[in-house]
Every structure is written in structure tokens, then in C-alpha cells.
Amino acid sequence: MKDIIRKIVLDAAQKAFETGEFPSDHVPEMEIEEPKHSSQGDFSTNFAMVSASVQKMAPVKIAQRLVSFIPATGLIEKIDIAGPGFINFFLSNTAWHPVVNQILEQDEAYGRSDMGKDAKVQVEFVSANPTGPLHVGHGRGAAVGDSVGNILSFAGFDVQKEYYINDSGRQIRTLGTSVWLRLMEKSGQRIEFPDDCYQGDYIKDFAQQILEKEGLEFVKKDAAEGIAVCAEFAATKILEGIKEDLIDFGVQFDHWFSEQSLYDSGRVQDAIDMFRKKELIYEKDGALWFKTQAFGDEKDRVVVRNNGLTTYFASDIAYHREKYERGFDKVIDVWGADHHGYINRINASVVASGRKSEQFEVILVQLVNLLRDGKPFQMSTRAGEFVTLKDIVSEVGKDAARFMFLSRSYDSGLDFDLELAKKKNSENPVYYVQYVHARITGILLKAVESQIIEDIDFNTGKHLELLIEEEEINLLKILHSFGEQVEKSASTLHPHVIFTYLMTLAAAFHGYYNKHKVITDHVEQTQARLSLVLGVKKVIRNGLRLLGISAPERM
RNA sequence: GCCCCCGUAGCUCAGUGGAUAGAGCAUAGGAUUCCUAAUCCUUGUGCGCAGGUUCGAUUCCUGCCGGGGGCACCA
């Protein structure tokens with residue numbers, strides 16, 4: 001619709017120039033926007049204001065001349081010139097009616113966009129170390145990453161969702177040591193359990209499982225060998241658990257990528273050699289350093305320590321290099337805010353590889369404060385006191401949990417109150433949106449059962465011209481803007497845009513529902529209204545799907 | 001000290017280079033013989049402070065203040 005208005009303005013400006021009313025045919029960048037107040041029309045443009053210097057006329061005068069060149073159509077009811085020179089367009093009711101048929105025809109595809117032009121995008125998220133179960137912070141990252149992937153896909157990008165498994169390095173050895181020591185303990189030995197080992201009870205469970213599987217002989221093994229077996233066993237089990245927890249949370253990855261595979265295939269060494277040849281990696285104090293400072297980082301970073309061990313940064317360089325070699329035009333990493341210091345160095349390695357800075361983006365998700373009745377939980381993997389994602393999903397449900405994570409911008413910290421998320425009343429707005437879907441399902445069922453209309457056509461809107469109530473036109477406008485909101489959400493990578501939209505649509509529907517009956521004795525009007533609410537139902541479903549939240553038929 | 005995020009209504013948060021800054025919760029009152037009251041309607045207060053850019057700044061820039069997070073040859 002905005003494009004139509006824009007074309008009308010441009011055509012009028014061209015005619016005004018051709019007839020000599022405008023001295024210039026130059027059109028500066030202008031905006032077609034939706035004013036906040038209905039008294040300012042459905043659409044508004046600042047054309048006259050931005051053209052003032054070009055046309056060497058007062059904005060109001062430009063506006064008046066422009067409007068005189070806009071032909072009368074059934075689309076526009078009236079045009080006002082207001083304030084400092086805004087041109088306000090008031091559309092006729094009939095301009096909005098076609099949206100119902102667009103929704104019914106396009107159905108699950110309604111709201112799709114081709115703005116992505118099939119560009120290949122990878123969204124990597126969660127990527128938690130397989131050293132313990134996922135906790136609430138991972139849940140927020142999972143909800144954000146999954147939804148961003150869904151939204152980008154809906155907006156026409158070719159999306160792959162990936163999980164990077166940090167199955168190499170020190171934390172895995174620490175995991176093995178932790179299990180090994182618990183095993184020693186179970187075999188009767190007195191041990192000192194270090195603070196830097198994983199403290200959770202799940203470590204003891206693994207020790208018990210290994211004991212049952214391998215028998216007491218196992219503890220007589222060489223420590224290094226025993227630790228390796230423990231690490232392998234525990235990491236595998238934990239990863240299985242992570243996969244299950246994510247599926248229960250509604251998240252499915254297209255690809256799981258192993259860090260260890262980068263070492264096994266020699267890609268880490270290849271990357272180091274390549275950058276060394278380019279003199280972007282150099283030796284100092286017995287270690288190898290990457291010149292990240294030359295690309296905007298605060299200082300250069302170590303990739304190989306003086307003890308010969310590689311750092312995480314080394315495999316991350318190889319990993320990101322590998323991503324682009326797989327053909328992704330853009331790579332998006334979803335990280336917790338506590339990793340923000342890492343952005344510059346990864347970005348440096350990406351740019352050093354010849355990629356453009358815009359091809360790499362980090363979504364930094366701020367931290368979650370978990371509360372119960374307003375009181376904070378302390379969460380620390382090492383101390384073993386955490387509330388897992390699994391706990392949260394089983395306590396409050398997948399939908400409520402995802403709602404909490406997606407209801408606000410990830411740029412802000414999030415207070416997640418378990419008791420609030422559990423409430424099945426109006427304090428918990430996830431139901432507010434889902435209820436619309438269930439309510440409309442009820443109306444449609446009732447319409448079929450009451451047989452007020454024979455052969456209700458749910459594929460084509462009929463008698464839409466009878467939708468004339470203020471609340472109906474308002475709903476149509478909101479339904480119309482869904483695609484635009486999808487594009488906004490995709491271009492800003494902010495899923496909460498979709499949630500805010502759904503809340504607006506839900507509020508408009510509930511208000512309409514309470515004021516007007518859908519099913520009445522007026523058959524044509526009933527058919528029109530059924531089509532309208534069916535359209536609302538489909539858009540609610542499409543929106544909720546982007547967020548990974550279910551759309552229940554009944555509640 | 002440096003870096004990132006945030007500072008908008010009593011609370012939790014949306015929002016925008018423009019014309020009258022919104023929603024939920026909380027508070028108070030009201031609506032259901034009728035498609036699900038997990039709903040609706042009515043009722044107040046607000047852009048942390050100071051400069052700058054601009055015709056116009058709550059929005060962009062700088063500084064300050066306040067809150068959170070991060071600054072390893074850790075992961």
C-alpha cells in the first residue's frame with residue numbers, strides 16, 4: 001500500500017514538473033509513513049518539507065500544487081495538508097477489503113517476503129559446551145536464534161541453523177577429571193574435589209553409570225586413560241540431553257558442527273599456516289599471535305600458547321573461515337552478552353580473510369535474571385546451582401517460556417519470574433495471543449454447527465464490502481501490515497517486533513469481539529465477518545509460528 | 001581505566017529525525033440470559049542530566065550520572 005501511495009506522489013510530482021508548476025523534477029528522499037493519529041490519515045508523506053529547498057517554495061505551497069495533480073480514484077477518500085506541510089492520505093474502506101482474500105489465498109505464506117533474495121545466511125546459536133545441561137541463559141539464546149532463523153527464512157533468506165559443539169579443549173578434560181574424581185570417591189578413596197571442577201550432581205550420576213557399566217576394575221586404570229573415557233562418556237551423554245532439551249523447547253538445528261573435527265581435518269593448522277604466510281600471525285614470547293589490532297581490536301590475540309596448545313580463538317578462526325567456504329553470504333552468531341569482548345577479534349579474523357564486515361554479525365543477547373516470586377536465583381555451572389532449561393520448560397511450558405524470552409528486545413536484560421510465567425491468567429500475556437486463535441476456532445465451529453449459512457466458503461471472502469465498522473477497518477489495516485513487520489523484524493534481527501505486532505493484533509481482535517457479534521441473522525454480513533476473523537486466525541498462527549509458539553484450537 | 005548493553009508511567013517494557021510518546025501489570029469502577037470473562041470498557045503520572053548537529057531530537061553525536069555485563073598465553 002505504501003508503494004502505491006509513493007507512486008501516486010511521484011507521478012503527481014512528475015506532472016507538476018511537466019506543466020511548469022515545479023521548477024525541478026528532483027525528488028529528495030522522502031518517507032511514506034503511518035501517522036500516529038487517525039486524524040492525520042492512514043498514510044502521510046513529508047514530500048513537501050524535504051522538497052522545500054529543491055523547489056524553492058514553501059512546503060505548504062508545494063503540497064497544494066502536488067495534491068492538485070493527484071487524480072481521483074476509489075482508493076483515496078481525501079487528502080489533507082496539515083502542520084508544517086505533511087500531506088495526509090485518507091483511504092476509503094474498500095481499499096482495505098482485498099487483504100482478507102490475500103490472506104485466505106496465501107494462507108501459510110501470507111506475510112512472506114522476498115527481501116532476502118535467497119541469500120544464504122547461517123544463524124549459529126546456543127553452542128553451549130557439552131559440560132553440563134542447558135540453563136536459562138541458553139534458553140534465551142535458543143529462543144532468539146531459532147526465531148531469527150524462522151523470520152529470516154520467512155523473509156526470503158536461505159537459512160541454516162547451526163550448533164557449534166565445543167567438544168575439544170580444556171573444559172572437556174575438566175569434565176573428564178570431574179567424573180573421574182567422583183568415581184574415585186565412589187570407590188572409597190578420599191579425594192579432594194577441586195573448585196574448578198564441575199560441581200553438579202549430574203557428574204556423580206555419570207560416575208555411577210560408568211561404575212555400573214565398567215565395574216570396580218575401572219578405577220585401577222591409568223588416570224589419563226580413565227579421564228579420557230570419562231570425558232567421552234559424559235560429553236556424549238550431555239550432548240544427547242542437550243539435543244532432547246532443545247527439541248522439547250521447539251528448537252531443531254539443521255546442522256551440528258564439531259570443534260574437534262576442525263582439528264581432526266587439519267583445518268585449524270591450515271588456517272594458522274595460511275595467516276602466518278600472510279604475516280597476520282606472528283611469533284612473540286614463544287606464542288603465536290594474530291594481528292587483530294590491525295582490524296580494530298584493542299590488542300593482538302594469542303592463537304597458540306607458548307606451551308604449544310591452541311586457544312579457542314584458533315579454532316574459532318578456522319571455524320568462521322570454514323563457514324564462508326560453505327557459501328554463506330552472511331554469518332550471524334548469537335552470543336551471551338558476557339562474550340562481547342570476543343566480537344572484535346572474530347570480526348578481525350573474518351575481515352582478514354577477505355570478507356566484508358557486513359557479512360558477519362553478532363547478536364548479543366543480554367543476561368537473564370531468574371526470579372521466583374521476585375526473589376533472584378544464583379546461577380553458576382561450576383557451583384552446580386542452576387535452573388536448567390529443562391526445569392523451566394517442564395514447569396512453565398514451552399510456549400510461556402519462549403514468550404518470556406521473546407517479548408522484549410534482547411538488548412535489555414531480562415527478569416524471568418517463574419511464578420509469573422506459570423500463571424494461567426491475564427498476568428501472563430502469552431495466553432492473550434493464543435486465546436485469539438482458540439476463540440476464533442470456536443466461532444468458526446459454531447458457524448458450521450449452527451448452519452446459518454449453507455456451504456460456508458472458507459477460501460474466498462464474500463460480501464467484504466459489508467465490513468464497515470471502525471473496528472473492522474482497524475483489523476484490516478493491522479492484518480495488512482503483517483508483511484511489513486516481518487521485513488522490519490528480519491532487517492533488524494529483532495524477533496520481539498513480531499511479538500509486539502501479535503499483541504497489537506490480539507488487542508484489536510478482542511476489542512472487536514466484545515463489541516460486535518460475528519454470527520448474526522444477517523447472512524451476508526456473517527459471511528464477511530467469518531472471512532475476516534478467519535484471516536485474523538491465520539495471521540496469528542503465522543506470527544506465532546515465527547516465534548516457535550503454538551496456536552491452540554481450544555484452551 | 002577501557003569496551004558493550006540499558007536508563008521512557010508506581011512496576012515490567014514497547015516506540016519514533018517530525019505534528020497529541022504507547023501497552024501490560026498495579027490502583028479504582030463497570031460490562032457476561034448472547035460466538036470461550038484466559039476477554040472488554042472507563043480512570044492518572046513519564047522520555048536520567050548537560051551540551052551539539054538539525055527547519056525540527058525522546059530518537060543521531062559528545063560528555064556526565066546511575067544500573068548490568070566484559071576486559072587472560074581461561075573457556
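Residue numbers begin at 1 in each chain, while the letters A, B, ... track the order of the sequences. Computed from a predicted model, the values in this text were never measured in an experiment.
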Name the closest nucleotide to the A:Arg439 side chain, picking from B:rG69, B:rA37, B:rA75.
B:rA37
With nearest nucleotides of RNA chain B determined for A:Leu414 and A:Ala507 from heavy-atom distances, which residue corresponds to the more 5′ nucleotide?
A:Leu414
In Watson-Crick or G-U wobble terms, both distances under 3.5 Å, what is the partner of B:rC40?
B:rG30
Between B:rC35, B:rG70, B:rA38, which nucleotide gets closest to the side-chain atoms of A:Met555?
B:rA38
Can you tell me which nucleotide in B:rC74, B:rG69, B:rC71 comes closest to the side chain of A:Asp338?
B:rG69
Considering only atom C1', compute the distance from B:rG7 to B:rC47 and round it to an integer number of Å.
10 Å
Shortest non-hydrogen contact from A:Phe125 toward A:Ala142
CE1-O, 3.6 Å
What distance, rounded to whole Å, do you find between the two C1' atoms, one in B:rU45 and one in B:rA28?
16 Å
If you only use heavy atoms from C-beta on, which nucleotide in B:rG15, B:rC73, B:rA19 is closest to the side chain of A:Lys488?
B:rG15
Can you tell me how far the CZ atom of A:Arg170 sits from the OG1 atom of A:Thr311, to the nearest 0.5 Å?
13.0 Å
Take the protein atom NZ of A:Lys299 and the nucleotide atom P of B:rG70, then report the distance between them rounded to whole Å.
18 Å
Provide, to the nearest angstrom, the distance between the OH atom belonging to A:Tyr431 and the C1' atom belonging to B:rG24.
16 Å
Please report whether the ring centroid of A:His496 lies less than 6.0 Å from that of A:Tyr410.
no
Report yes or no: is the ring centroid of A:Phe86 under 5.5 Å from the six-membered base ring centroid of B:rA19, with the two planes under 30 degrees?
yes
Heavy atoms under 4.0 Å, any strand shown: does A:Lys515 hit a base, just sugar-phosphate, or nothing?
nothing
If you look at every strand shown and take non-hydrogen atoms under 4.0 Å, does A:Arg301 touch a base, only sugar-phosphate, or nothing?
nothing
Nearest-0.5 Å distance, CZ of residue A:Arg301 to OH of residue A:Tyr342:
9.0 Å
Report yes or no: does A:Gln525 contribute a side-chain atom to a donor-acceptor pair with the main-chain N or O of A:Ile519 at less than 3.5 Å?
no
Can you tell me the Watson-Crick or wobble partner of B:rC2, both distances under 3.5 angstrom?
B:rG70
Is a donor-acceptor contact shorter than 3.5 angstrom present between the side chain of A:Ser407 and the base of B:rU12?
no
For the side chain of A:Gln366, counting heavy atoms from C-beta on, which of B:rG24, B:rA19, B:rG68 is nearest?
B:rG68
Check step by step if side-chain hydrogen bond (donor to acceptor under 3.5 Å, both in side chains) holds for A:Asp273 and A:Gln269.
CA-CA 6 Å; A:Asp273 292 346; A:Gln269 194 56 48; 3.1 Å; yes
Sugar-phosphate only, base, or nothing, as touched by A:His37 at under 4.0 Å among non-hydrogen atoms
base
Integer-rounded Å distance: B:rC2 P and A:Tyr342 OH
25 Å
Taking the six-membered ring for Trp and the full ring for Phe, Tyr or His, determine whether the centres of A:Phe416 and A:Phe405 are under 6.0 Å apart.
yes
Taking the same atom, P, in B:rA57 and in B:rA50, what whole-Å distance lies between them?
15 Å
B:rU8 versus B:rC71 - spacing of their P atoms, nearest Å:
27 Å
Distance between the P atoms of B:rU59 and B:rC74, in whole angstroms?
43 Å
Does the ring centre of A:Tyr163 sit less than 6.0 Å away from the ring centre of A:Phe257?
no
Main chain of A:Ser550, side chain of A:Asp399: is a donor-acceptor contact present, judged purely on distance under 3.5 Å?
yes
Name the nucleic acid region contacted by A:Ala337, choosing base, sugar-phosphate or nothing; use a 4.0 angstrom heavy-atom cut-off, strictly under.
sugar-phosphate
Heavy atoms only, 4.0 Å cut-off, all strands: where does A:Asn306 land among base, sugar-phosphate and nothing?
base
What contact category does A:Tyr432 fall into here, base, sugar-phosphate, or nothing, at under 4.0 angstrom with non-hydrogen atoms?
sugar-phosphate
Considering only atom C1', compute the distance from B:rC6 to B:rU12 and round it to an integer number of Å.
14 Å
Regarding A:Lys446, tell me which of base, sugar-phosphate or nothing describes its non-hydrogen contacts under 4.0 Å with the strands shown.
sugar-phosphate
Using the P atom as the point on both nucleotides, what is the distance between B:rG46 and B:rA21, in whole Å?
11 Å
Can you see if the side chain of A:His496 gets near the phosphate of B:rG15 - specifically, an N or O under 4.0 Å from OP1 or OP2?
yes
By nearest atom, which of the nucleotides B:rC74, B:rC6, B:rU39 is closest to the A:Ser412 side chain?
B:rC6
Applying a 4.0 Å non-hydrogen cut-off, can you work out what A:His339 is touching in the nucleic acid: base, sugar-phosphate, or nothing?
base
Hey, which sits more toward the 5' end of RNA chain B by its nearest nucleotide, A:Ala287 or A:Ile443?
A:Ile443
Under 3.5 Å, is there any donor-acceptor pair linking the side chain of A:Thr131 to the base of B:rA75?
no
Figure out the CG/P separation between A:Asn344 and B:rC2, and round it to whole Å.
16 Å
Write down the distance between CG (A:Asn369) and P (B:rC13), rounded to a whole number of angstrom.
9 Å
When both distances are under 3.5 Å in a Watson-Crick or G-U wobble arrangement, the nucleotide paired with B:rA50 is B:rU62
Rounded off to whole Å, could you give me the CH2-to-P distance for the A:Trp289 and B:rC73 pair?
5 Å
Name the nucleic acid region contacted by A:Leu364, choosing base, sugar-phosphate or nothing; use a 4.0 angstrom heavy-atom cut-off, strictly under.
sugar-phosphate
Please report the closest heavy-atom contact between A:Ala63 and A:Gly85, naming both atoms and the distance.
CB-O, 4.2 Å
With heavy atoms under 4.0 Å as the rule, sort A:Ser409 into base, sugar-phosphate or nothing.
sugar-phosphate
Once you apply a heavy-atom cut-off of 4.0 Å, does A:Thr504 come out as touching a base, just sugar-phosphate, or nothing?
nothing
Round to a whole Å and report the spacing from NE2 of A:His510 to C1' of B:rG24.
13 Å
Suppose you measure atom C1' in B:rA9 against the same atom in B:rA23; what distance do you get, rounded to whole Å?
11 Å
Atom CG of A:Leu445 and atom C1' of B:rC35: how far apart are they, to the nearest Å?
10 Å
By nearest atom, which of the nucleotides B:rA14, B:rA75, B:rA19 is closest to the A:Thr500 side chain?
B:rA14
Please give the nucleotide sitting opposite B:rU20 as a Watson-Crick or G-U wobble pair, both distances under 3.5 Å, or none.
none
What's A:His437 touching, base or sugar-phosphate or nothing? Going by heavy atoms closer than 4.0 Å.
nothing
Under 4.0 Å, counting only non-hydrogen atoms across every strand here, what does A:Asn88 touch: a base, just sugar-phosphate, or nothing?
base
Picking from B:rC40, B:rC74, B:rG69, which would you name as closest to the side chain of A:His340?
B:rG69
